[in-house]
> 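Please see the structure below; I have some questions.
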Amino acid sequence: MLIAGNWKMHTVPDAAVELARDVARRVRSHADSVAVAVCPPSISLAAVGEVVRNTPVRLGAQTMHEAEQGAYTGEVSAPMLGAVGCHYVILGHSERRQLFGEIDAGVNRKTLAALAHGLVPIVCVGETLNERKAGEEETVVGRQIDAALDGVHLDSAAHLVVAYEPVWAIGTGETASPEQAQAMHRFIRDRLVSFGAPREVEILYGGSVKPGNAADLFAQPDIDGGLIGGASLDAESFAAIVEAASKV
Ligand code: PEP
């Protein structure tokens, strides 16, 4: 199981350091059974990296540019993320797709670049409410997976994470039912395997996961953990979700 916190554009650096310290302290006792990651804003990656160094908590970034370096004002690259201790990088989050114009082909370039530099991409996929209402969730998510992983060859299941995040459940308080999430996770796993990926690639569920609904979601056979937005900003809630994962 993997529980990753996406802090989005929250926390000034001092608050990020404080939150990371609190998370590291609270999740220590579950380190044997659950992998935990925090993904702070890029301005705090280095400082949070220092806090979680020598703890079981891993560091992740929320996005990156596919180039190693260059004239890309405002961007950060995979080597930069690696240099401050990142293990993971979230790619293709629906907010990046909807608000910043990211497209499947770009997610693919970033995925290839992350892998080439030893980062583990957390590739996000998920359908909108209209797409679900139209019964198109498998078509959309299948297309996103196929595009993101074009040309990807995995030596190990540990080199990739996929997050299924139905857009209608992100930050809305709406959660996919455990059965809805399980059906999509199974679909994604089969799709990954058809690409030659190991069955053991972790598939996280994301979308309004809270301490109260985490256990039912994580009990599903194809749900390998969670990508947590809002609830990851509160160390107590985040630790409660980690605890729920530890009991599966
Ligand atoms: C997310 O943005 O990845 C997310 C799952 O957010 P929330 O938990 O707030 O729905």
Side-chain angles (χ1 to χ4, degrees), residues 1-11 15-16 19 23 27 34-42 44-45 58-64 86-102 107 110-111 114 120-129 131-132 137 140-141 144-145 148 160-178 180-182 184-185 188 202-218 220 222-245:
M1 294 292 260
L2 165 64
I3 305 296
N6 173 11
W7 295 358
K8 309 191 182 186
M9 198 173 73
H10 294 288
T11 65
L19 179 56
V23 166
V27 305
V34 186
V36 176
V38 292
C39 306
S42 58
S44 299
L45 282 169
R58 287 174 167 165
L59 186 66
Q62 299 177 14
T63 185
M64 58 169 240
C86 284
H87 181 87
Y88 298 105
V89 58
I90 299 171
L91 295 178
H93 189 280
S94 62
E95 287 155 14
R96 301 290 319 169
R97 294 179 193 255
Q98 292 193 319
L99 304 174
F100 302 100
E102 288 203 7
V107 177
K110 292 180 181 198
T111 301
V120 176
I122 301 177
V123 174
C124 300
V125 296
E127 79 285 356
T128 63
L129 186 57
E131 289 163 344
R132 178 161 280 264
E137 60 271 22
V140 170
V141 168
Q144 291 171 334
I145 295 273
L160 174 72
V161 176
V162 173
Y164 170 60
E165 299 206 302
V167 178
W168 47 274
I170 294 181
T172 59
E174 290 265 338
T175 316
S177 70
Q180 283 173 321
Q182 165 57 27
M184 288 305 290
H185 280 235
I188 291 167
E202 286 177 308
I203 306 173
L204 311 184
Y205 170 78
S208 300
V209 178
K210 304 275 182 280
N213 59 23
D216 286 346
L217 288 161
F218 299 159
Q220 300 301 313
D222 287 292
I223 298 184
D224 304 315
L227 182 55
I228 318 298
S232 71
L233 293 169
D234 178 74
E236 193 179 347
S237 295
F238 188 64
I241 292 169
V242 172
E243 189 178 353

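The shown structure was predicted, so the numbers you read here are calculated from the model rather than taken from an experiment. Just follow the structure's listing: the first ligand is 1, and inside any ligand the first atom is 1.
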> Return the residue, atom name and 0.1 Å-rounded distance of the protein heavy atom closest to atom 5 (C) of ligand 1.
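Of every protein heavy atom, Glu165 OE2, 3.1 Å lies nearest to atom 5 (C) of ligand 1.
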> Can you confirm whether Ser237 sits close enough to Lys210 that some side-chain heavy atom of one is under 4.5 Å from a side-chain heavy atom of the other?
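No; the side chains remain at least 4.5 Å from each other.
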> What pairs with Glu202 under salt bridge (charged side-chain N to carboxylate O under 4.0 Å, His left out), at least two apart in sequence or on another chain?
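Residues passing salt bridge (charged side-chain N to carboxylate O under 4.0 Å, His left out) with Glu202: none at all.
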> I need the atoms of ligand 1 closer than 4.0 Å to a non-hydrogen atom of Leu227, numbered in the order shown.
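Answer for ligand 1: 3 (O), 5 (C).
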> Report, in ascending order of atom number, the atoms of ligand 1 lying under 4.0 Å from any heavy atom of Gly171.
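Those qualifying, in numeric order: 7 (P), 9 (O), 10 (O).
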> Run the salt bridge (charged side-chain N to carboxylate O under 4.0 Å, His left out) test against Glu127 and tell me which residues pass, sequence neighbours left out.
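Arg132.
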> So which atom in Pro121 and which in Leu91 form the shortest heavy-atom distance, rounded to 0.1 Å?
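Scanning both residues, the minimum pair turns out to be CB-CD1, 3.8 Å.
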> Do you know which of Ile241, Val34, Asp224 makes side-chain contact (heavy atoms from CB on, under 4.5 Å) with Phe218?
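One option only clears the test, and that one is Ile241.
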> Counting distance only, does the side-chain N/O of Asn213 pair as donor-acceptor with the main-chain N or O of Ser208 below 3.5 Å?
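Present.
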> Just to confirm my output: which protein heavy-atom neighbour is closest to atom 2 (O) of ligand 1, and how far is it?
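It is Lys8 NZ, 2.6 Å.
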> List ligand 1 atoms under 4.0 Å from Gly207, heavy atoms only on the residue side.
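This gives 5 (C), 10 (O) as the contact atoms.
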> To which protein heavy atom is atom 1 (C) of ligand 1 closest, and what is the distance rounded to 0.1 Å?
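Result for atom 1 (C) of ligand 1: His93 NE2, 3.2 Å.
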> Backbone, side chain, both or neither: what part of Asn6 comes under 4.0 angstrom of ligand 1, heavy atoms only?
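The side chain, only.
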> Any atoms of ligand 1 less than 4.0 Å from a non-hydrogen atom of Ala169? List them with their elements.
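Counting atoms of ligand 1 from 1, those under 4.0 Å from Ala169 are 10 (O).
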> Between Arg58 and Ala37 (side chain of the first, backbone of the second, donor and acceptor by atom type, cut-off under 3.5 Å), is there such a pair?
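Judged by distance alone, no pair lies under 3.5 Å.
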> Which of the atoms of ligand 1 are close to Gly230, meaning less than 4.0 Å from one of its heavy atoms?
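Listed by number with element: 7 (P), 8 (O), 9 (O).
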> Please work out whether any backbone atom (N, CA, C, O) or any side-chain heavy atom from C-beta onward of Ala231 is under 4.0 Å from ligand 1, and answer side chain, backbone, both or neither.
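None of Ala231 does.
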> Give me the atom names and distance for the closest heavy-atom approach of Ala181 to Tyr205.
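For Ala181 versus Tyr205, the nearest heavy atoms are CB-CD1, 3.9 Å.
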> Give the atom numbers and elements of ligand 1 that come within less than 4.0 Å of a heavy atom of Ser208.
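The atoms of ligand 1 under 4.0 Å from a heavy atom of Ser208 are 7 (P), 8 (O), 10 (O).
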> Write out the residue and atom name of the closest protein heavy atom to atom 8 (O) of ligand 1, then the distance separating them to 0.1 Å.
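In this structure, atom 8 (O) of ligand 1 has Gly229 N, 2.9 Å as its nearest protein heavy atom.
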